[in-house]
Amino acid sequence: MGDHSFYGPGLTVDTKKKFTVVTQFISSDGTASGNLVEIRRLYVQNGVVIQNSKTNIPGMSTYDSITPAFCDAQKAAFGDKTQFQAKGGLTQMGVAAKNGMVLVLSVWDDHAVNMLWLDSTYPTTANATAPGVARGTCATTSGTPTDVEANSPNASVTYSNIRFGEIGSTYTGTVTGTTSVGSTTTSKTSTTTSSTTTKASTTSTSTTTKASTTTSSAPASTSTQA
């Protein structure tokens, strides 16, 4: 968040090449029955484990994972409503995870706002320098379904090697970089492009034109913004 050098074509995580996304769901007591207290993300590309980038938003401390403190700080800095917290936050997400969910991965185009929320300036009338408005380099005129379907009819994305298991068991690679201390527990967790649960899963993906992923995994779901 706020680090424009981390994720994209030719950047630290090069989206023109295949990479693995690992999402770890950490509990309060290191067990599958504990409360969800943190969601941590890392990447593996070319055999190298890449730690998540750190927030670079004026008025926010440095975070590299989703925690209750991060959620509160992000909402305050962006001037957002605290809908996530009002619905129970990470604790309630953990409860939902224990009930079981289904992982959904897809490539799609957006008939509502042309996917501008993902990779352009959005809202389009907002100041691009305001926190959360600049979401990518695509023009605000891009992404209309008629253009995407006419010019990229064969666009595709591949999801492969989806795994789940104990933290650290679903991927291999040389570790680089450092990460801030989050929860000290080592619970079973889940990972995928945006996955969940008391266990962990990882997803290797190759990117595509205007592709997005949605997840509801078994058993939980998450996003990069709380």
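Quick note: residue numbers are just sequence positions, from 1.
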About how many Å separate CG of Leu11 and NZ of Lys16, when rounded to the nearest 0.5 Å? 11.0 Å
d(Thr62 OG1, Met1 CE) to nearest 0.5 Å is 12.0 Å
Work out which heavy atom in Ala96 is nearest to a heavy atom in Met101; give both atom names and the distance. CB-CE, 3.3 Å
Taking the side chain as C-beta and beyond, is there a heavy-atom pair between Asn127 and Val133 under 4.5 Å? no
Between Gln74 and Asp80, is the side chain to side chain donor-acceptor pair (under 3.5 Å) condition met? List the steps. CA-CA 8 Å; Gln74 182 270 320; Asp80 289 343; 3.2 Å; yes
Among side-chain atoms of Glu38 and Thr67, is any donor-acceptor pair under 3.5 angstrom? no
Report yes or no: do Tyr159 and Leu103 belong to one cluster of Ile/Leu/Val/Met/Phe/Trp/Tyr joined by side chain heavy-atom distances under 4.5 Å? yes
For Gly143, does its backbone N or O pair with a side-chain atom of Asp147 as donor and acceptor, under 3.5 Å? no
Cluster check Phe70, Ile57: I/L/V/M/F/W/Y, side chain < 4.5 angstrom: yes
Return the set of residues passing side chain to side chain contact (heavy atoms under 4.5 Å, CB included) with Thr82 (not counting sequence neighbours), or none when no residue passes. Lys75, Gln85
Thr158 and Lys18, any side-chain heavy atoms less than 4.5 Å apart: no
Shortest non-hydrogen pair, Met60 vs Ala73, comes out as CG-O, 3.8 Å
Is there a donor-acceptor pair closer than 3.5 Å between any side-chain N or O of Asp3 and the backbone N or O of Ser5? yes
Between Val49 and Thr174, does the side-chain contact (heavy atoms from CB on, under 4.5 Å) criterion hold? Intermediate values first, please. CA-CA 6 Å; Val49 178; Thr174 303; over 6 Å; no
Nearest heavy-atom contact between Lys98 and Gly34 is NZ-O, 3.2 Å
Are Phe25 and Val95 grouped together when hydrophobic residues (ILVMFWY) are joined by side-chain heavy atoms under 4.5 angstrom apart? no
Go through the side-chain N and O atoms of Asp14 and Gln45 and say whether any donor and acceptor fall under 3.5 Å apart. no
Does any non-hydrogen side-chain atom of Ser65 lie less than 4.5 Å from one of Tyr63? no
Least distance between heavy atoms, Ile66 atom then Leu90 atom: O-CD1, 3.9 Å
Between Asp64 and Arg40, is the closest basic N to carboxylate O distance under 4.0 Å? yes
Can you tell me if Thr31 and Ser33 form a side-chain donor-acceptor pair at under 3.5 Å? yes
Check against side-chain contact (heavy atoms from CB on, under 4.5 Å), Tyr122 and Val113: CA-CA 9 Å; Tyr122 191 82; Val113 295; 3.3 Å; yes
So if you build clusters from Ile, Leu, Val, Met, Phe, Trp, Tyr with side-chain heavy-atom gaps below 4.5 Å, do Ile162 and Val157 land together? yes
Do Leu42 and Val175 sit in the same hydrophobic cluster, where Ile, Leu, Val, Met, Phe, Trp and Tyr count as joined when their side-chain heavy atoms come under 4.5 Å apart? yes
If you measure from OG1 on Thr170 to CD1 on Ile167, what distance do you get to the nearest 0.5 Å? 9.5 Å
Below 4.5 Å, heavy atoms only, C-beta onward: do Leu116 and Thr124 meet side chain to side chain? yes
Measuring only between side-chain heavy atoms, which start at C-beta, is Thr12 closer than 4.5 Å to Ile50? yes
Heavy-atom closest pair, residues Gly168 and Gln24: N-NE2, 4.2 Å
What pairs meet the side chain to side chain donor-acceptor pair (under 3.5 Å) rule with one or both residues in residues 132-141, with sequence neighbours excluded? none
Residues at least two apart in sequence or cross-chain that pass side chain to side chain contact (heavy atoms under 4.5 Å, CB included) with Pro145, listed by chain then number, are Asp109, His111, Asn114, Glu149
Nearest heavy-atom neighbours spanning Ser120 and Cys138: OG-O, 2.7 Å
ring-ring contact (aromatic ring centres under 6.0 Å, His included) for Tyr43 and Phe6? Distances and angles first, verdict last. CA-CA 11 Å; Tyr43 304 83; Phe6 182 73; 5.7 Å; yes
